Enquirer: 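I'd like to ask you about the structure that follows.
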Amino acid sequence: MKEKSSAKLTFGDGRSIDLPVYGGTIGPDAIDIRALYPKAGVFTYDPGFLSTASCNSSITYIDGDEGVLLYRGYPIEQLATHCDFLEVCYLLWFGELPNADQKKDFDLIVARHTMVHEQLSRLYQGFRRDAHPMSVMVGVVGALSAFYHDSLDIHNAKHREISAFRLIAKLPTIVAMAYKYNVGQPFMYPKNSLSYTANFMHMMFGVPAEEYEVNPVLVRALDRILILHADHEQNASTSTVRLAGSSGANPFACISSGIACLWGPAHGGANEAALNMLTELQAQGGVEKVGEFVKKVKDKNSGVKLMGFGHRVYKNYDPRAKLMQETCREVLDTLGLHDDPLFKLAMALEKVALEDEYFVSRKLYPNVDFYSGIVQRALGIPVSMFTCIFSLARTVGWIAQWNEMISDPEQKIGRPRQLYQGATRRDVLPMAKRP
Ligand code: CMC
């Protein structure tokens, strides 16, 4: 990193310290505070890391005020329009888009890794049939480290690459198996003659008794969902993967920790929460009840949030939400669901919220999850599987970020400090003397 300038921090008692300032290729500069504690004996305090760059990265760039999202410099709109998901995986992992030969080779490598160890399928039997598929995902992905011992040396670049390709290739199989187990249907083996996303749909919706017919419009819609969710800078689950990986944990364990974090309703669980919210509102009267519902959302005591709205970084329209809305329309048209009540309700809710002072002043706009649930539901994906599909898509981002961290010479085990507010030193009293 190149020093761009310096910043002087002056304390009340007159002491001061100069800190280097680094510039990124785009985006805000960052003050290097590593010398702060050794030289001045103070920590910085930043709950939720609102002003903290935890690493330097060349993978994804977000400008939240302008609504810009770039993977390796390419705008998400162009990638979502001109590339398929595996090209985006190649880009995130290798840093460049593949040419035709590289794409052919990469597609083949991924296709050759789609099957899981046969014994892994027995692991599923240990879960209750009604277990949330995300709980199954956390367990099964973590268990991959018990099956693929030959690629666990994190200091070996080739091992890291094989693990990454295995994860990208096997996640659709693992997600589809979680679904099949839940509904009590036989697991479907992957079919490598199909594209990555078509194969996933075959494993989800096919049954051995009859051939699954792939609809290219629906495949393209799901492929776009995967592209839009592939990476998103240092969000909660990616930071979880990096933190877990900073101790030297194996990649499968790290991705499993990312899946656990993603499950939360403030993060990846939001698409499930958003669709549940729309379904409930529809049951209570739909479009006519929008005003009443928005009133409830604005009341801090109600505990109700408008799910699929707001974002830690985007303080403008989430560019992924625009693309998702477009895909939503396309899918509903293809399936003859032009009058889908939930889509109409979502549009009405969005319109009211975007004109309301509460949302305008807080810069709350729809995020990607506001429409992705409607698309997935139309594709026949059950609500409980939404976050699993998000984890499938985000796996490439997590593993690319993990690899970048391991390869970074400045990498250290993650170890935040704290502002201690607890009791000062005191002695243990004998039981009889305790108050
Ligand atoms: N509905 C109602 N009020 C909201 C919402 C919402 N969805 N989001 C934020 N606010 C309010 C919040 O109460 C606060 O108000 P005030 O300033 O009066 O206290 C203000 O807006 C700022 O919110 P914040 O909680 O400080 O914002 P944050 O950056 O900490 O949280 C968020 C971001 C995504 C957790 C939050 O907007 C949220 O919970 N949204 C709903 C869940 C959701 O859709 N999550 C998906 C995120 S995109 C997918 C992903 O990347 O995982």
Side-chain angles (χ1 to χ4, degrees), residues 46-52 59-65 67-69 71 76 134 225-241 257-278 280-281 290-325 346 349-350 352-376 383 386-398 401:
D46 186 18
F49 310 116
L50 287 140
S51 292
T52 298
I59 301 177
T60 293
Y61 174 76
I62 303 173
D63 183 332
D65 293 323
V68 170
L69 170 60
Y71 293 166
I76 191 67
M134 279 298 276
I225 291 181
L226 301 185
I227 293 172
L228 299 184
H229 288 85
D231 195 45
H232 214 225
E233 208 224 60
Q234 308 310 321
N235 56 84
S237 57
T238 302
S239 299
T240 302
V241 169
S257 70
I259 295 173
C261 176
L262 187 75
W263 194 0
H267 192 7
N271 51 16
E272 181 173 342
L275 195 79
N276 287 339
M277 172 193 78
L278 290 173
E280 256 171 56
L281 186 56
V290 162
E292 207 178 290
F293 182 70
V294 168
K295 213 182 263 175
K296 210 192 284 174
V297 165
K298 293 193 294 184
D299 174 7
K300 286 284 154 64
N301 299 319
S302 72
V304 178
K305 269 192 170 178
L306 184 47
M307 299 312 285
F309 251 73
H311 198 274
R312 167 58 59 82
V313 181
Y314 293 119
K315 301 303 173 193
N316 194 329
Y317 213 99
D318 177 345
R320 303 168 303 168
K322 268 188 204 143
L323 293 157
M324 209 64 257
Q325 195 197 50
L349 203 49
E350 177 183 339
V352 171
L354 291 182
E355 285 167 2
D356 192 292
E357 204 278 326
Y358 174 95
F359 293 91
V360 174
S361 63
R362 288 171 179 76
K363 300 186 176 173
L364 299 171
Y365 292 88
N367 60 52
V368 67
D369 290 325
F370 195 62
Y371 288 103
S372 73
I374 301 175
V375 178
Q376 294 191 58
V383 177
F386 289 1
T387 318
C388 298
I389 290 177
F390 192 160
S391 70
L392 186 179
R394 185 56 58 85
T395 291
V396 63
W398 287 330
Q401 298 266 356

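The first residue of the sequence shown is numbered 1, and numbering continues consecutively from there. In this text, all values refer to a predicted model and were calculated from it rather than measured experimentally. Both counts, for ligands and for their atoms, begin at 1 and track the order of listing.
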Enquirer: Which residue holds the protein heavy atom closest to atom 43 (C) of ligand 1, what is that atom called, and what is the gap in Å?
Expert: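 Residue, atom and distance for the closest contact: A270 CB, 3.5 Å.
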
Enquirer: With a 4.0 Å cut-off, strictly under, does atom 22 (C) of ligand 1 pick up any protein heavy atom?
Expert: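 Answer no: nothing from the protein, no heavy atom, is under 4.0 Å.
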
Enquirer: Would a 4.0 Å cut-off, counted as strictly less than, catch a protein heavy atom around atom 10 (N) of ligand 1?
Expert: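 Yes, there is a protein heavy atom closer to it than 4.0 Å.
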
Enquirer: NZ/K305 to CG/L364 distance, rounded to the nearest 0.5 angstrom?
Expert: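 K305 atom NZ to L364 atom CG measures 9.0 Å (nearest 0.5 Å).
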
Enquirer: Tell me whether atom 15 (O) of ligand 1 lies less than 4.0 Å from at least one protein heavy-atom position.
Expert: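 Given the 4.0 Å cut-off, atom 15 (O) of ligand 1 counts as touching protein heavy atoms.
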
Enquirer: Looking at every non-hydrogen atom in both residues, tell me the closest pair between G67 and N316 and how far apart they are.
Expert: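 Shortest heavy-atom contact: N-CB, 4.1 Å.
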
Enquirer: Considering only heavy atoms, which of K296, H229, H267 lies nearest to atom 52 (O) of ligand 1?
Expert: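 Looking at heavy atoms only, H267 sits closest to atom 52 (O) of ligand 1.
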
Enquirer: At what distance is the nearest protein heavy atom to atom 47 (C) of ligand 1, and which residue and atom is it?
Expert: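 Heavy-atom neighbour on the protein nearest atom 47 (C) of ligand 1: N367 ND2, 3.6 Å.
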
Enquirer: Just to confirm, does any protein heavy atom lie below 4.0 Å from atom 28 (P) of ligand 1?
Expert: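 Within 4.0 Å of atom 28 (P) of ligand 1, protein heavy atoms are found.
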
Enquirer: Closest heavy-atom contact between G397 and D231?
Expert: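 Heavy atoms only, the tightest pair is CA-OD1, 3.3 Å.
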
Enquirer: Nearest to atom 34 (C) of ligand 1, what protein heavy atom do you find, and at what distance?
Expert: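 Among all protein heavy atoms, the one nearest atom 34 (C) of ligand 1 is G310 O, 3.8 Å.
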
Enquirer: Test of understanding: given a 4.0 Å heavy-atom threshold, classify the contact between L262 and ligand 1 as side chain, backbone, both, or neither.
Expert: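 The answer is neither; L262 stays 4.0 Å or more away.
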
Enquirer: Purely on distance, is any nitrogen or oxygen of K305 under 3.5 Å from one on ligand 1?
Expert: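 N/O-N/O distance under 3.5 Å: yes.
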
Enquirer: Within the structure, does at least one protein heavy atom fall under 4.0 Å of atom 45 (N) of ligand 1?
Expert: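 Yes, there is one.
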
Enquirer: Backbone N or O of V368 within a donor-acceptor pair of the D318 side chain at under 3.5 Å?
Expert: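 Judged by distance alone, yes, a pair lies under 3.5 Å.
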
Enquirer: Between V297 and ligand 1, does any nitrogen or oxygen pair lie at a separation below 3.5 Å?
Expert: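 No: no nitrogen or oxygen of V297 is under 3.5 Å from one in ligand 1.
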
Enquirer: Can you give me the closest heavy-atom contact between Y71 and L228, atom names plus distance?
Expert: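 Result for this residue pair: OH-O, 3.5 Å.
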
Enquirer: Measuring from L69:CG to Y314:OH, what's the distance to the nearest 0.5 Å?
Expert: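 Interatomic distance, L69 CG to Y314 OH, rounded to 0.5 Å: 4.0 Å.
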
Enquirer: Run the contact test for F370 against ligand 1 with a 4.0 Å cut-off on heavy atoms, strictly below, and give the result.
Expert: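 Heavy atoms of F370 never come under 4.0 Å of ligand 1.
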
Enquirer: Look at ligand 1 and say whether K298 reaches it with a heavy atom at a distance under 4.0 Å.
Expert: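 Per 4.0 Å heavy-atom rule, K298 does not contact ligand 1.
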
Enquirer: Which residue owns the protein heavy atom closest to atom 5 (C) of ligand 1, what's the atom, and how far is it?
Expert: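 Answer for atom 5 (C) of ligand 1: L364 CD1, 4.0 Å.
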
Enquirer: With nothing but distance in play, are any N or O atoms of H232 less than 3.5 Å from an N or O of ligand 1?
Expert: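 Looking only at distances, the answer is no, because the N/O contact criterion of under 3.5 Å is not met.
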
Enquirer: Atom CD1 of I62 and atom CD of E233: how far apart are they, to the nearest 0.5 Å?
Expert: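 CD of E233 is found 4.5 Å from CD1 of I62.
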
Enquirer: Describe, in one word, how the ring planes of H267 and F390 are oriented to each other, choosing from parallel (under 30°), tilted (30 to 60°) and perpendicular (over 60°).
Expert: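 Perpendicular: the ring planes of H267 and F390 meet at over 60°.
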
Enquirer: At their closest point, which heavy atom of R394 faces which heavy atom of S237, and how far apart are they?
Expert: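 Taking every non-hydrogen atom into account, NH1-OG, 4.3 Å.
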
Enquirer: Among protein heavy atoms, which lies nearest atom 18 (O) of ligand 1, and at what distance?
Expert: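 Looking only at protein heavy atoms, the one closest to atom 18 (O) of ligand 1 is K300 NZ, 2.5 Å.
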
Enquirer: Could you tell me whether K296 atom NZ has more than 12 heavy atoms of other residues or ligands within 6.0 Å of it?
Expert: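 Open: at most 12 neighbouring heavy atoms sit under 6.0 Å from NZ of K296.
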
Enquirer: Please report whether atom 32 (C) of ligand 1 has a protein non-hydrogen atom at a separation of less than 4.0 Å.
Expert: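 It does not: no protein heavy atom is found less than 4.0 Å away from atom 32 (C) of ligand 1.
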
Enquirer: When you measure from atom 20 (C) of ligand 1 to each heavy atom in R312, R362, E233, which option holds the nearest one?
Expert: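 Answer by nearest heavy atom: R362.
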
Enquirer: Please confirm whether N235 approaches ligand 1 to less than 4.0 Å, judged on its heavy atoms.
Expert: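 N235: no contact with ligand 1 (<4.0 Å).
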
Enquirer: Do any nitrogen or oxygen atoms of G308 come within less than 3.5 Å of a nitrogen or oxygen of ligand 1?
Expert: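 In this structure, G308 places an N or O atom under 3.5 Å from an N or O of ligand 1.
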
Enquirer: Taking the side chain from D46 and the backbone from T52, do they hold a donor-acceptor pair closer than 3.5 Å?
Expert: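 Yes.
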
Enquirer: Which value, rounded to the nearest 0.5 Å, describes the distance between M324 atom CE and F370 atom CZ?
Expert: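 Taking CE in M324 and CZ in F370, the distance rounds to 13.5 Å.
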
Enquirer: Which of the atoms of ligand 1 are close to G268, meaning less than 4.0 Å from one of its heavy atoms?
Expert: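 Reading through ligand 1 atom by atom, the close ones are 52 (O).
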
Enquirer: Is it true that, when you exclude F49 itself, more than 12 heavy atoms of the residues, nucleotides or ligands shown sit nearer than 6.0 Å to its CZ?
Expert: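 At most 12 heavy atoms, drawn from other residues, nucleotides or ligands, come within 6.0 Å of this atom.
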
Enquirer: Which of the atoms of ligand 1 are close to A266, meaning less than 4.0 Å from one of its heavy atoms?
Expert: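 Going through ligand 1 atom by atom, the ones under 4.0 Å from A266 are 45 (N), 46 (C), 47 (C).
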
Enquirer: For atom 40 (N) of ligand 1, state which one of Y358, F390, F309, Y314 supplies the nearest heavy atom.
Expert: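 Nearest option to atom 40 (N) of ligand 1, by heavy atoms: F309.
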
Enquirer: Kindly give the heavy-atom pair with the smallest separation between N367 and G310, and that separation in Å.
Expert: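 So the minimum-distance heavy-atom pair works out to ND2-O, 2.9 Å.
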
Enquirer: Please work out which of D369, L306, T387 has its closest non-hydrogen atom nearest to atom 6 (C) of ligand 1.
Expert: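 Considering heavy atoms of D369, L306, T387, the nearest to atom 6 (C) of ligand 1 sits in L306.
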
Enquirer: Distance to 0.1 Å, residue and atom name: give those for the protein heavy atom nearest to atom 42 (C) of ligand 1.
Expert: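 For this ligand atom, the closest protein heavy atom is M307 CE, 3.5 Å.
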
Enquirer: Rounded to the nearest 0.5 Å, what's the gap from OH on Y365 to CG on L354? Could you check?
Expert: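 Nearest 0.5 Å value for the OH-CG distance: 7.0 Å.
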
Enquirer: Which pair of heavy atoms, one from R312 and one from G48, lies closest together, and at what distance?
Expert: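 Taking R312 first and G48 second, the nearest heavy atoms are NH1-O, 3.1 Å.
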
Enquirer: Please state which protein non-hydrogen atom is closest to atom 48 (S) of ligand 1 and give its distance, to 0.1 Å?
Expert: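 I find the closest protein heavy atom is H311 CD2, 3.4 Å.
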
